[in-house]
Novice: 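If you scroll down you'll find the structure; I have some questions about it.
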Amino acid sequence: MNIPLSLPEDQPILLLDRTHDLSHQDVLYHFALDELLCRQTGEGGPAICHLWRHPHAFVMGVRDSRLPQASRGEAKLRSLGYDTAVRHSGGAAVPLDAGVVNLSLILPFTSDRPAPDFHLDFEIMVELIREALHSTGQTIDTGEIAGAFCPGTFDLSIGGLKFCGIAQRRQRKAFIIQAFIIAEGSGSERARLVRSFYDIAAAGADPKQYPLVEAGSTASLEELTNLGSGAEAAHHFTAAVKEVIRACQAGRELTEAASRLVMPGTEEIHAMAEQMRQRYKIEE
């Protein structure tokens, strides 16, 4: 397997697979864990590939939180049983459920790359996902997809339909590249949910301030590839990502890297989640 990832040669990546744990109802728990792990990485901790899922959430971007009727849009989502939050990384609204695999690469800035490179950060994630999907035989394109939710230059698509969005978060000595991958289920149903949020939240707003979401813009890997039906698609994609990372690990000393990882405690993670909730909240 040829791994084209632009990763430091002396930096083994540890795998943290939490996709089987759907017990956390607070979606910010996962983002808070990323934030704390990134601090560790920046202070000499290991690089990490963090995989996770959430059973039923709707995560907004900072710009979404400033829409005129954002609080009404959030209230509607909560009435439907969604956990809601505003994330601190870039991007716009994204619905999360068990069929969406979330992938975070937590990497240090290094001496051979002291200056942040926005495009390189995203390319690392693009190449990881492309390699994970290599066996499907599908061409993975990059570029913003008109009508998709959470649009961006590094949208990933197959046949013009978006299945993945990428965002990033920078700290002083390390950074996080975050991707959501719609692995199973209906992409168009998720797009309709996001559209319904903007129909409420963006009432009276300049159309340039939010994405104009269309149902036919988005699909899942289940719909686009041969990864399998239902839960098989998410399982097979997760396994493929782990295979790519393990190939990157080959010949590298993981024991020493693992010794530098101290998993944050539950109370510390909840405290960080609450701090994020207070800082990034919907403006009334």
Novice: Return the CD to CZ distance between Gln69 and Phe197, rounded to the nearest 0.5 Å.
Specialist: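 These two atoms lie 11.0 Å from each other.
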
Novice: Do Arg169 and Asp34 meet the salt-bridge criterion of a basic N to acidic O distance under 4.0 Å?
Specialist: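 Salt bridge absent between Asp34 and Arg169.
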
Novice: Should Leu77 and Leu193 be marked as a side chain to side chain contact (heavy atoms under 4.5 Å, CB included) after you check the CA-CA gap, both sets of side-chain angles, and the distance that decides it?
Specialist: CA-CA 9 Å; Leu77 290 165; Leu193 174 65; 4.0 Å; yes

Novice: Is the closest side-chain heavy-atom distance between Ser65 and Met60 below 4.5 Å?
Specialist: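 With C-beta onward as the side chain, the pair stays apart.
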
Novice: When you measure from the side chain of Arg192 to the backbone N and O of Glu214, does any donor-acceptor pair fall under 3.5 Å?
Specialist: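 It does not hold such a pair.
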
Novice: Is any NZ, NE, NH1 or NH2 atom of the basic residue among Arg78 and Asp83 found under 4.0 Å from an Asp or Glu carboxylate oxygen of the other?
Specialist: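 Here Arg78 pairs with Asp83 in a salt bridge, since their nearest N and O are under 4.0 Å apart.
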
Novice: Would you tell me whether Ser157 and Asp155 have side-chain atoms, one donor and one acceptor, within less than 3.5 Å of each other?
Specialist: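 No pair is found: no donor N or O on one side chain lies under 3.5 Å from an acceptor on the other.
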
Novice: Hey, could you give me the NZ/CG distance between Lys162 and Asp141, rounded to the nearest 0.5 Å?
Specialist: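 Separation between the atoms: 13.5 Å.
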
Novice: Would you say the side chain of Thr136 lies within less than 4.5 Å of the side chain of His236, judging by non-hydrogen atoms?
Specialist: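 Contact flag for His236/Thr136 side chains = no.
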
Novice: How long is the gap from CD1 on Ile177 to CG on Leu105, to the nearest 0.5 Å?
Specialist: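 Taking CD1 in Ile177 and CG in Leu105, the distance rounds to 5.0 Å.
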
Novice: Please state whether the rings of Phe122 and Phe154 are parallel, tilted or perpendicular, taking 30° and 60° as the class boundaries.
Specialist: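 Parallel.
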
Novice: Look up atom CZ in Phe31 and atom CG in Asn102, then write down how far apart they are to the nearest 0.5 Å.
Specialist: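 If I round to the nearest 0.5 Å, the distance is 6.5 Å.
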
Novice: Would you call Arg246 and Glu243 a salt bridge, using N to O less than 4.0 angstrom?
Specialist: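 No.
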
Novice: Would you kindly confirm whether Val126 and Ile145 end up in one hydrophobic cluster when ILVMFWY residues are joined by side chain heavy atoms under 4.5 Å apart?
Specialist: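 As far as the 4.5 Å side-chain criterion goes, Ile145 and Val126 are not connected within one cluster.
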
Novice: For the atom pair CE (Met263) and CG (Leu33), what is the distance rounded to the nearest 0.5 Å?
Specialist: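 Atom-to-atom, Met263:CE and Leu33:CG are 5.0 Å apart.
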
Novice: With side chains defined as the heavy atoms from C-beta onward, is the minimum distance between Ile129 and Cys164 less than 4.5 Å?
Specialist: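 Of all side-chain heavy-atom pairs linking Cys164 with Ile129, at least one is under 4.5 Å.
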
Novice: Taking the side chain as every heavy atom from C-beta outward, state whether Lys242 and Leu51 have any pair of such atoms under 4.5 Å apart.
Specialist: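 Yes - at least one pair of side-chain heavy atoms lies under 4.5 Å apart.
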
Novice: Quick one: does any side-chain atom of His54 pair with a main-chain N or O of Gln25 as donor and acceptor, under 3.5 Å?
Specialist: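 Answer holds: yes.
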
Novice: Mark yes or no for whether Arg195, through its side chain, and Ala215, through its backbone, hold a donor-acceptor pair below 3.5 Å.
Specialist: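 The answer is no, because no donor-acceptor pair under 3.5 Å joins these two groups.
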
Novice: Is Leu156 linked to Phe237 within one hydrophobic cluster, defined over Ile, Leu, Val, Met, Phe, Trp and Tyr using a side-chain heavy-atom separation of less than 4.5 Å?
Specialist: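 Result: yes, single cluster for both.
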
Novice: Just by distance, no angles: are the side chains of Thr225 and Gln138 close enough, under 3.5 Å, to form a donor-acceptor pair?
Specialist: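 Side chains of Thr225 and Gln138: no pair found under 3.5 Å.
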
Novice: Under 4.5 Å between any side-chain heavy atoms of Val62 and Val86, yes or no?
Specialist: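 Yes. Closest side-chain heavy atoms under 4.5 Å.
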
Novice: With a cut-off of 6.0 Å (strictly less than), are more than 12 heavy atoms of other residues, nucleotides or ligands near CD of Gln278?
Specialist: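 Yes, because the 6.0 Å sphere around CD of Gln278 holds more than 12 heavy atoms from other groups.
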
Novice: So, the side chain of Glu74 versus the backbone of Thr84: is there a donor-acceptor pair under 3.5 Å, distance only?
Specialist: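 Absent.
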
Novice: Main chain of Leu128, side chain of Glu131: is a donor-acceptor contact present, judged purely on distance under 3.5 Å?
Specialist: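 Such a contact is absent between Glu131 side chain and Leu128 backbone.
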
Novice: Determine whether Val94 and Ile200 fall in the same hydrophobic cluster, where Ile, Leu, Val, Met, Phe, Trp and Tyr are linked whenever their side-chain heavy atoms lie under 4.5 Å apart.
Specialist: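 No, because Val94 and Ile200 fall into different hydrophobic clusters, even though each may have its own neighbours under 4.5 Å.
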
Novice: Taking the inter-plane angle between the rings of Tyr280 and His88 on a 0 to 90° scale, is it parallel (under 30°), tilted (30 to 60°) or perpendicular (over 60°)?
Specialist: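 Correct class here is perpendicular.
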
Novice: Under 3.5 Å, is there a donor-acceptor pair between the side chain of His50 and the main chain of Ser104?
Specialist: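 Answer holds: no.
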
Novice: Judged by atom type as modelled, is there a donor-acceptor pair below 3.5 Å linking the side chain of Glu222 to the main-chain atoms of Gly185?
Specialist: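 Checking the backbone N and O of Gly185 against the side chain of Glu222, a donor-acceptor pair under 3.5 Å is found.
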
Novice: Checking Gln168 side chain against Phe175 main chain: does a donor-acceptor pair fall under 3.5 Å?
Specialist: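 Judged by distance alone, no pair lies under 3.5 Å.
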
Novice: Could you give the distance from CD1 (Ile166) to CD1 (Ile181), rounded to the nearest 0.5 Å?
Specialist: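 With rounding to 0.5 Å, CD1 (Ile166) is 8.0 Å from CD1 (Ile181).
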
Novice: Is the closest side-chain heavy-atom distance between Leu161 and Glu223 below 4.5 Å?
Specialist: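 Leu161 vs Glu223: side chains apart.
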
Novice: Counting distance only, does the side-chain N/O of Thr19 pair as donor-acceptor with the main-chain N or O of Arg53 below 3.5 Å?
Specialist: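 Pair absent, no side-chain N/O of Thr19 close to backbone of Arg53.
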
Novice: Walk me through whether Ile158 and Ile140 qualify under side chain to side chain contact (heavy atoms under 4.5 Å, CB included).
Specialist: CA-CA 5 Å; Ile158 295 173; Ile140 312 300; 3.7 Å; yes

Novice: Please say yes or no: joined through hydrophobic side-chain contacts below 4.5 Å, possibly via intermediate residues, are Leu22 and Leu28 part of one cluster?
Specialist: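 Looking at the clustering, Leu28 is in a separate group from Leu22.
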
Novice: Do Tyr29 and Thr266 have side chains that approach each other closer than 4.5 Å (heavy atoms only, starting at C-beta)?
Specialist: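 Answer yes - side chains close enough.
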
Novice: Could you go through the side chain to side chain contact (heavy atoms under 4.5 Å, CB included) check for Ile176 and Ser89 one step at a time?
Specialist: CA-CA 9 Å; Ile176 313 167; Ser89 54; over 6 Å; no

Novice: Looking only at heavy atoms, what is the nearest atom pair of Cys49 and Ile13, with distance?
Specialist: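 That closest heavy-atom pairing would be N-CG2, 3.5 Å.
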
Novice: Would you say Arg190 and Ile182 make side-chain contact, with heavy atoms under 4.5 Å?
Specialist: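 Arg190 reaches Ile182 side chain to side chain.
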
Novice: Could you report the tightest heavy-atom contact between Pro68 and Gly204, atom names first, then the distance?
Specialist: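 Closest pair (atom of Pro68, atom of Gly204, distance): CG-C, 4.3 Å.
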
Novice: Looking only at heavy atoms, which two atoms of Ala47 and Pro108 are closest? And how far apart?
Specialist: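 Smallest interatomic distance, heavy atoms only, reads CB-CD, 4.2 Å.
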
Novice: On the 0 to 90° scale, with breaks at 30° and 60°, tag the Trp52-His30 ring pair as parallel, tilted or perpendicular.
Specialist: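 Rings of Trp52 and His30: parallel, under 30°.
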
Novice: Which label fits Tyr82 and Phe58: parallel for a plane angle under 30°, tilted from 30 to 60°, or perpendicular past 60°?
Specialist: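 Perpendicular: the ring planes of Tyr82 and Phe58 meet at over 60°.
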
Novice: I need the minimum non-hydrogen distance between Cys38 and Ile106, along with the two atoms involved.
Specialist: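 Looks like CA-CG2, 3.5 Å.
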
Novice: Grab the two heavy atoms, one from Arg87 and one from Ala92, that are nearest each other, plus how far apart they are.
Specialist: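 That would be NH2-O, 3.0 Å.
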
Novice: If you take all heavy atoms of Cys150 and Gly91, which pair is closest and at what distance?
Specialist: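 Looking at all heavy atoms of both residues, the closest pair is SG-CA, 3.8 Å.
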
Novice: Walk me through whether Arg170 and Phe109 qualify under side chain to side chain contact (heavy atoms under 4.5 Å, CB included).
Specialist: CA-CA 10 Å; Arg170 296 181 183 279; Phe109 293 122; 3.4 Å; yes

Novice: Quick check against the 3.5 Å criterion: does Gln171 have a side-chain atom that pairs as donor or acceptor with the backbone of Arg39?
Specialist: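 Answer holds: yes.
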
